[in-house]
Amino acid sequence: MTDPAQRQPSLAERAMAARGSQAAAGYLAGLNPEQRAAVETIDGPVLVLAGAGTGKTRVLTTRIAHILSQRRAFPSEILAVTFTNKAAREMKERVAHLVGEAVEGMPWLGTFHATGVKILRRHAELVGLKSGFTILDTDDQIRLLKQLIQAENIDEKRWPARVLAGAIDGWKNRALTPDKVPAGEAAAYANGMGLRLYADYQARLKVLNAVDFGDLLLETIRLFRENDDVLAEYQRKFKFILVDEYQDTNVAQYLWLRLLAQRQEGRPQNICCVGDDDQSIYGWRGAEVDNILRFDKDFPGATVIRLERNYRSTGHILAAAAHLIAHNEGRLGKTLFTDGEDGDKPTLTSVWDSEEEARSVGEELEQIQRQGQPLNGTAILVRASFQMREFEDRFITIGLPYRVIGGPRFYERLEIRDALAYLRCVAQGSDDLAFERIVNTPKRGLGDATLQQLHDHARAQGVPLMQAARVLVETEEMKPKARNALKGLIENFDRWAGQIEAMPHSELAQLVLDESGYTEMWQKDKTAEGAGRLENLKELVRSMEEFENLAGFLEHIALVTEARGEGEIEDAVSIMTLHSAKGLEFDTVFLPGWEEGLFPHQRSLDENGRAGLEEERRLAYVGITRARRRAKIYFAGNRRIHGLWQSTVPSRFVNDLPSDHVEISEGLGTSGYGGMGRGNFGQSRFDKVETFSSTYSTPGWQRAQAQKALADAQARFTGRSGSQAFGSTFAEGRGGFQGRLTDRSGGGRTIDGELIAKSSGEPSRYQPGDRVFHLKFGYGDVVAADGNKLTVQFDKAGEKKVVDSFVQAA
DNA sequence: CTTCCGTATGTTTTT
DNA sequence: CATACGGAAG
């Protein structure tokens with residue numbers, strides 16, 4: 001997001017901007033004409049089509065600065081919505097930077113959901129809620145649905161709660177309340193019970209005084225629709241509306257915006273949406289590209305501004321991306337260009353299999369390292385997270401620092417959710433879902449039977465579970481063991497609650513975790529996980545210090561799920577999915593796994609046909625456009641899928657690339673198999689030409705042919721149906737694999753030794769027999785030490801070769 | 001209540 | 001292959 005080409009305004013310029021005079025156009029300096037138009041056209045609806053790397057965020061933030069300095073609105077009169085907290089934070093920082101500290105932060109700059117909560121808390125009673133309502137996350141949601149499903153005596157195995165949760169989310173994304181769900185769709189779940197369950201669920205939420213994420217938007221819509229005065233108040237309030245990533249909005253968000261942006265007194269609202277239809281990659285979670293495609297119909301007289309001047313990538317990279325995305329239909333059409341140099345052509349490398357792919361990428365990264373370039377400028381962008389593993393394994397072996405972006409998020413981790421449940425109970429004894437979660441964690445002998453008893457009583461009396469427990473422990477209805485345990489727990493909660501005012505909340509949190517036995521539970525757990533979990537708990541307590549009080553902290557958490565910033569490695573290659581790479585940029589981007597079935601993903605094609613394919617292609621476009629200087633695409637001829645090796649065929653996206661702007665890279669250890677047998681075994685996509693008849697001579701095509709020949713030969717070699725046997729050869733480990741590859745390519749490939757980490761020559765700090773701990777593999781015993789390279793027998797993960805800097809003495 | 005075994009199931013992710 | 005979850009046995 002940081003553009004070297006886009007300089008920061010000088011101090012003087014910022015001071016002038018803060019003064020807000022006409023001469024203050026300092027913040028406008030350095031904008032290109034289109035950006036400037038996007039900033040200055042503040043009246044009426046505006047759609048800014050901002051291609052990748054064209055300064056989208058800069059336009060948004062400068063536009064806000066412009067509105068403020070023109071005195072058209074106070075900060076509190078500007079509504080600016082984003083999808084992620086990260087984007088919101090970044091915008092806040094940049095606006096503050098532009099405008100100076102004089103202006104208080106913008107109260108209405110936030111995510112759709114955060115904004116929804118803010119509005120909803122003020123008018124909760126109008127939609128049947130109390131202002132202190134809790135926000136359920138996916139986990140709570142599923143547990144609640146499970147209960148409802150059980151209550152209806154539906155076979156939970158055939159109709160899992162997560163499926164229903166998915167359906168409900170989907171309906172909510174489309175703003176479908178139970179009465180609006182199309183009959184056909186409603187019948188799809190549990191023989192027509194889906195709708196009933198949806199309605200039950202909504203009713204139950206009201207009883208619990210809770211909402212889920214979808215409701216944050218839907219209930220706000222309902223609030224606006226049913227209360228003209230409230231709607232009018234907000235319409236008047238928000239003189240300017242700005243929307244980031246408009247291509248990602250779903251129906252509910254669209255309706256939400258429309259309500260707020262309705263014309264008033266005949267004048268169109270000042271709404272500005274920024275987005276890029278070519279980067280719409282979230283259709284599967286409800287995003288409607290159509291929203292952006294339809295913008296000028298929704299907002300007649302809209303000004304459409306295209307930002308096509310790219311400040312990020314070199315010429316060849318842009319050309320490759322442009323050619324690729326041009327294969328999509330139904331786009332608004334933009335062509336990125338740059339005045340910068342052509343740079344290196346994106347490379348295309350064919351590798352034998354995914355192991356070689358990882359090895360090859362690893363070597364390129366070492367090369368970059370040797371050249372003294374930071375690994376922070378590099379990233380590996382994969383389609384599916386299972387691809388990450390092979391890279392991780394390889395990098396651990398060679399001792400290359402890496403970091404995985406994404407994965408389980410901090411606040412979604414089991415231990416964090418447990419800890420939060422404790423805190424929720426302390427803060428609000430009526431939080432049934434939280435209570436249920438931790439009533440028997442750690443184990444205190446309160447099983448299903450006890451819980452059922454509590455439930456029955458709670459329902460009969462119409463009180464929260466904690467209250468029911470309070471009553472029941474005073475009776476003889478419970479077994480003494482359970483009764484005592486429960487009694488102790490309740491006493492604890494009462495004591496903790498009594499101390500909310502008495503001590504800082506982070507200390508209280510620590511106290512709760514310790515006294516409840518929760519910390520101890522993980523201390524007893526001697527796996528790698530246990531240690532990490534204790535770390536996370538520590539991190540949680542530490543992060544609480546930044547908040548004023550417990551309630552404020554809990555509200556924050558409900559809406560924020562950002563990855564923890566703990567233990568950052570200073571210079572490392574990032575591994576992440578293409579989806580999570582959107583919005584980021586790197587000098588060098590590795591794009592592995594460009595194979596049919598994986599990318600485009602088979603499921604995407606099966607389930608969404610042409611639309612699915614186009615979304616996958618946009619994903620490829622996003623991938624390439626992340627690169628500033630180098631994009632390196634790989635495809636493997638063999639990949640292990642569901643445990644067995646399958647031969648694969650290069651992605652059709654490879655053929656969508658322009659040969660003039662792509663360089664074939666001779667992969668490591670794979671060159672020269674072009675001369676392999678030309679057998680024609682079986683049909684493949686490459687036997688039929690219809691789809692890409694125009695690309696016969698593209699590098700991708702040629703590679704594909706070579707690759708196919710290889711695959712065919714392989715099939716012959718192993719007796720075709722023997723992919724199983726083939727797999728087992730590989731499964732025997734690296735030694736077997738090496739021999740195999742050398743045999744096969746016949747060219748005396750020198751891969752021996754490549755598989756082994758560089759030995760530093762210095763004796764290791766560790767000796768055979770030492771007990772060590774590894775972040776990924778947990779505890780283990782050193783079997784052998786060769787320089788800085790150790791062979792360790794891990795308790796859980798088995799024998800692995802690791803570099804000693806990755807372990808610590810245990 | 002815990003442990004272990006068998007079976008199903010293998011995209012993408014935010015709030 | 002490898003993991004995750006649910007059910008049955010201890």
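As the structure is a prediction and not an experimental result, all values here were calculated from the model.
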Separation of [N] [atom2] from [X] [atom1] (nearest whole Å):
{"X": "A:Lys86", "N": "B:dT15", "atom1": "NZ", "atom2": "C1'", "result": "15 Å"}
{"X": "A:Glu390", "N": "C:dA2", "atom1": "CD", "atom2": "P", "result": "11 Å"}
{"X": "A:Glu90", "N": "B:dT14", "atom1": "CD", "atom2": "P", "result": "16 Å"}
{"X": "A:Asp139", "N": "B:dT14", "atom1": "CG", "atom2": "C1'", "result": "15 Å"}
{"X": "A:Arg389", "N": "C:dA2", "atom1": "CZ", "atom2": "P", "result": "6 Å"}
{"X": "A:Ile405", "N": "B:dT14", "atom1": "CD1", "atom2": "C1'", "result": "16 Å"}
{"X": "A:Asp248", "N": "B:dT14", "atom1": "CG", "atom2": "C1'", "result": "10 Å"}

Touch class at under 4.0 angstrom, heavy-atom based, for A:Asn440 against every strand present: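 Result for A:Asn440 = sugar-phosphate.
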Heavy-atom closest contact (A:Pro650 atom, A:Glu596 atom, distance):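 Smallest heavy-atom distance, with atoms named: O-CG, 3.5 Å.
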Tell me whether the rings of [X] and [Y] are parallel (<30°), tilted (30 to 60°) or perpendicular (>60°).
{"X": "A:Tyr198", "Y": "A:Trp171", "value": "parallel"}
{"X": "A:Tyr282", "Y": "A:His579", "value": "tilted"}
{"X": "A:Tyr518", "Y": "A:Trp522", "value": "perpendicular"}

Sub-4.0 Å heavy-atom contacts from residues 107-117 of chain A onto DNA chain B, ordered by number: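 Output list: A:Thr111, A:His113.
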For [X], which residues count as a side-chain contact (heavy atoms from CB on, under 4.5 Å) partner, sequence neighbours excluded?
{"X": "A:Asn209", "value": "A:Leu129, A:Lys130, A:Phe133"}
{"X": "A:Ala80", "value": "A:Ile64, A:Met91, A:Leu109, A:Leu242"}
{"X": "A:Ser604", "value": "A:His601, A:Glu616"}

Any A:Asn85 side-chain N or O less than 4.0 Å from OP1/OP2 of B:dT14: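 Negative; the distance criterion is not met.
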C:dG6 OP1/OP2 closer than 4.0 Å to side-chain N/O of A:Lys146: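 Yes, within the criterion.
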With sequence neighbours excluded, residues passing salt bridge (charged side-chain N to carboxylate O under 4.0 Å, His left out) with A:Arg122: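 Partners of A:Arg122 under the salt bridge (charged side-chain N to carboxylate O under 4.0 Å, His left out) test: none.
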B:dT13 versus C:dA2 - spacing of their C1' atoms, nearest Å: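 That atom pair is separated by 23 Å.
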Spacing of the P atoms in B:dT12 and C:dT3 (rounded, Å):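 After rounding to an integer number of Å, I get 16 Å for this pair.
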Aromatic contact, A:Phe653 with A:His327 (centres under 6.0 Å):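 No.
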Protein-to-nucleotide contact annotation, 5' to 3' order, nucleotides 5-13 of chain B [B base; S sugar-phosphate only; - none; under 4.0 Å, heavy atom]: -----BBBB
